[in-house]
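Heads up, the thing below is written out as structure tokens.
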Number of protein chains: 2
Amino acid sequence: MGIGNVSERRDEAPQVGVTSVILALGPADDGDRRRLWLPLVRRVREPFLGAWALPGGPLRACRSLERSAYETLASTTDLHPGYLEQLYTFGDPERSRGGVPMVSICYWALVGQVDVASLEPRHNVAWFADDALPDLAFDHRRIVDYAIWRLRHRLDMPKVVRELVGATFTLRELHAVSEAVEGRPIDLANFRRRTLASGMLEETGERRRVGRQRPAALYRFRADADAPADDGSLPQGFDAGELSRIAAAAPASHGHAGALSALTTDMRP
Amino acid sequence: MGIGNVSERRDEAPQVGVTSVILALGPADDGDRRRLWLPLVRRVREPFLGAWALPGGPLRACRSLERSAYETLASTTDLHPGYLEQLYTFGDPERSRGGVPMVSICYWALVGQVDVASLEPRHNVAWFADDALPDLAFDHRRIVDYAIWRLRHRLDMPKVVRELVGATFTLRELHAVSEAVEGRPIDLANFRRRTLASGMLEETGERRRVGRQRPAALYRFRADADAPADDGSLPQGFDAGELSRIAAAAPASHGHAGALSALTTDMRP
DNA sequence: TCAAAAGTGTTGGGATTACACCCATGA
DNA sequence: TCATGGGTGTAATCCCAACACTTTTGA
């Protein structure tokens, strides 16, 4: 590796950015179906000028990766993420397609349930349902697909599901969320048994009535429910508590991004 | 994010490197137990001068991440990797512990079965068994643990197991490898059934005798055995065939690294 | 009393485990 | 004929999908 001059010339180091797939659960539509929504940012430079892309920003040495990801969130939405997890790092020189080579450290985040229409609009930002995405810049479509795949495979983690329901919830609500994310019907009776048997939930003792029918028991996640499943020393996602600490360390991380339009990082020329 | 000057000042961009955990299956010891071995590199700079660390190298913009990882392999061992997969990207500013902030894109690789004693020794490189590792620099111990965890969770993938046995093998051999990697005893009879039922294997028609007992049937992995399990568009590991293409694109990737001593990348000051 | 949702029971199949057992082989 | 490993059988268990069923509620 590297004959001759071992010292790396500066122009040989690629650009490095952090890119985020921000997922939210939308409201039910006419067909009683809920979808995942995500915000995209319109590119203001070549290549892919005018195309939609994932939000991102440059990586600064003084910030952790998670905090950088957190800041890409703040640049596109005022919502607070409740879960954040590293996805994958993409760095193929080919993916820049005309821009300078760019390494993207990708994260995915959950921001809970969102009524997209009620969000304060931001310049150059728009939300899309996962089954109605526009063409995306670069390899961003692949990154989105991967993020959704990961969410589906995390759906048995309290850290994740906690974000998609309220603090307390009925089993039917939990079931509806699971069906929405999985994108397939799930037998309610079996879901109930499986979920209760997992030991993740505890009864609040209260009940909630939705229509005029029999009220349903309310549950919450047990406080110790997200104990490390396999090996505590391994990289894991961050839940709301950990994220608030990450955010607290950030100077102007969220709230007013002022007149700044949201950024996309990837491979800008 | 970022009030005022949006253009990133150069000194705010962190160093970026690629780090690899190179795993090999060692020979059986007295107790008939086999272990995972990995090569480490002695650091020649502060911090952690003299400590053992994972091999790594800087990331160049013109190379893919996989090729960079491949080159960290070439810098520590002449063995050809048969499997390579991205692990995780570590980038906490705290992890540099006195060096400049360093983002490490970590890979893990398999180089098959190795008799460590017979390897050509390299300057500043030594192999260690996974249960007899020295103290490692930085957070490298955690990275090793994570790599082994990932290997264990990939053991049902033909791409991976193929690397740990020969082209053809008896079920007992396959069983021994699984036990060694999992680190626990596995019922042979059930292993046999499960493995055959998975459809990954096909009989060669030949037989092999080890002692003086009844000869065992030889199997090989089916050519189409590693079809994408879940979703083809997702990031996956690379097997030997794909790696040879990656390596072919590299100018002086393996073979003679000449008088160059192996490098560690992480967080050098 | 009725619709709608809450919640329970029952059954069968598939996968896994533990362990006993038979078979083939050459010394 | 015997030890050794190759290979099969089997019963117990667990988990899960399917779906019928009972209960509770307010209108």
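Note on naming: letters A, B, ... go to the chains in the order of the sequence lines (proteins, then strands), and numbering restarts at 1 for each one. Side chains included, hydrogens not; waters and symmetry mates left out as well; all remaining heavy atoms used.
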Check the distance between C:dA6's P and A:Leu171's CG and give it to me in whole angstrom. 9 Å
Donor-acceptor side-chain pairing of B:Thr204 and B:Thr168 below 3.5 angstrom: no
Can you list, by residue number, the residues of residues 184-195 of chain B that have a non-hydrogen atom closer than 4.0 angstrom to DNA chain C? B:Asp187, B:Ala189, B:Asn190, B:Arg193, B:Arg194
Lys/Arg N to Asp/Glu carboxylate O, A:Lys159 vs A:Glu85, below 4.0 Å: no
Hey, does the side chain of B:Arg208 reach the backbone of B:Ala216 with a donor-acceptor pair shorter than 3.5 angstrom? no
Which heavy atom in A:Ala129 sits nearest to a heavy atom in A:Trp37, and how many Å separate them? N-CE3, 3.4 Å
Which pair of non-hydrogen atoms, one from A:Pro55 and one from A:Ile22, has the smallest distance, and what is that distance? CG-CD1, 3.9 Å
Rounded to whole Å, how long is the line connecting atom CG of B:Leu196 with atom C1' of C:dT16? 16 Å
Between B:Arg142 and B:Tyr146, a side-chain donor and acceptor under 3.5 Å: no
Could you check A:Val21, A:Leu110, A:Ile148 and say which one makes a side chain to side chain contact (heavy atoms under 4.5 Å, CB included) with A:Leu36? A:Ile148
Can you confirm whether more than 12 heavy atoms, excluding those of B:Asp135, are under 6.0 Å from its CG atom? no
Please list residues of residues 198-214 of chain B whose heavy atoms come under 4.0 Å from any atom in DNA chain C, ordered by number; otherwise none. B:Arg209, B:Arg212, B:Arg214
